[in-house]
Amino acid sequence: MSGLRQGNMTRRGFIGRAALLAGLAGMPFGAEAAEDDQFFVRITTGPASGTYFPFGGLLATAVSNPPGTRECQLGGICGVPGLIAIAQSSEGSVTNVHDLAANRVESALCQADVAHWADSGQGSFGGSGLEGKIRSITSLYDEAVHVVAAAGRGIWRISDLAGRRVSIDLPGSGTNLEARMV
């Protein structure tokens, strides 16, 4: 498993995947960027308090190389010449897919199952016009669904949650969509 160790990504694996992201987006590698050869890429992530936002920030930093910065060989930035990427917070995966499809952003972090549902027109994506339009670049990390309850509340299985107050995250997030399914 190139670049991965028991679910944790190495720096080499992260940079390789970031380079893959830039390459698949058709961005020029290797050439010097003139001041007027700059372009912007918005990466929509998730809430600023979640995991996707800081990860998107790291990704944006890894692929960026604004004009006028010191060359990589001289200890400078080693991203795509002329690229300025930014991480943009959002409600989460569902919103990200819709923003990507509407060309409001150039790239999006998204749960794999949400991308699959959008690409196949399933669930809340039925009739959305997204069928066959979602492209995956890479899997960044595995995500688990956790259900946590306080001790002494009589909650031992999912069915024990019926009629109780449950946090299901923000509307537009993949977590919200999955919580509703559970």
Side-chain angles (χ1 to χ4, degrees), residues 1-18 20-21 41-63 85-102 104-182:
M1 296 208 319
S2 175
L4 294 177
R5 280 188 299 220
Q6 297 179 350
N8 294 323
M9 188 176 307
T10 64
R11 182 171 189 249
R12 180 177 171 185
F14 175 77
I15 291 171
R17 288 174 181 202
L20 177 65
L21 169 72
V41 171
R42 294 163 293 184
I43 304 169
T44 190
T45 60
S49 61
T51 305
Y52 282 16
F53 184 72
F55 193 84
L58 289 170
L59 181 61
T61 300
V63 300
I86 60 159
Q88 180 175 306
S89 68
S90 74
E91 282 102 20
S93 293
V94 175
T95 299
N96 294 353
V97 169
H98 286 294
D99 285 348
L100 188 63
R104 288 188 285 265
V105 297
E106 291 73 34
S107 185
L109 297 181
C110 178
Q111 290 174 211
D113 50 0
V114 172
H116 169 73
W117 296 327
D119 191 56
S120 60
Q122 295 179 38
S124 66
F125 294 101
S128 66
L130 297 172
E131 295 85 353
K133 295 182 180 176
I134 304 296
R135 298 293 175 259
S136 175
I137 294 174
T138 188
S139 174
L140 299 174
Y141 59 89
D142 292 334
E143 291 189 62
V145 174
H146 298 277
V147 178
V148 180
R153 300 288 174 107
I155 299 172
W156 296 99
R157 55 193 156 279
I158 297 295
S159 61
D160 294 336
L161 295 172
R164 297 183 186 245
R165 187 174 176 188
V166 178
S167 172
I168 58 172
D169 206 4
L170 295 170
S173 71
T175 304
N176 180 282
L177 186 60
E178 287 195 0
R180 292 179 184 282
M181 290 174 53
V182 170

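Bear in mind the structure is a predicted one, so any value in this text is a computation, not a measurement.
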Rounded to the nearest 0.5 Å, what separates atom [atom1] in [X] from atom [atom2] in [Y]?
X    : Y    : atom1 : atom2 : answer
L59  : L140 : CG    : CG    : 7.0 Å
L161 : W156 : CG    : CH2   : 13.0 Å
L100 : I43  : CG    : CD1   : 11.5 Å
C110 : Y52  : SG    : OH    : 6.5 Å

Looking at [X] and [Y], would you say the former's side chain and the latter's main chain have a donor-acceptor pair under 3.5 Å?
X    : Y    : value
D119 : A115 : no
R135 : G132 : yes
E106 : R42  : yes
S93  : Q111 : yes

For [X] and [Y], work out which heavy atoms get closest and say how close.
X    : Y    : answer
L170 : P47  : CD1-CG, 3.6 Å
G56  : T45  : CA-CG2, 3.8 Å
G57  : A87  : N-CB, 3.5 Å
A48  : S89  : N-CB, 4.1 Å
S120 : E131 : C-CG, 3.9 Å

Any side-chain heavy atom of [X] within less than 4.5 Å of one from [Y]?
X    : Y   : result
L130 : H98 : yes
I134 : V97 : yes
V114 : N96 : no
F125 : V94 : yes

- [ ] Decide side chain to side chain contact (heavy atoms under 4.5 Å, CB included) for V41 and V63; before the verdict, give the C-alpha distance in whole Å, the side-chain angles of both, and the deciding distance to 0.1 Å.
- [x] CA-CA 10 Å; V41 171; V63 300; over 6 Å; no

Task: From T95, D99, T44, residue fulfilling side-chain contact (heavy atoms from CB on, under 4.5 Å) relative to R104 - done: D99

Open item on the list: Can you confirm whether more than 12 heavy atoms, excluding those of R153, are under 6.0 Å from its CZ atom?
Closed with: no

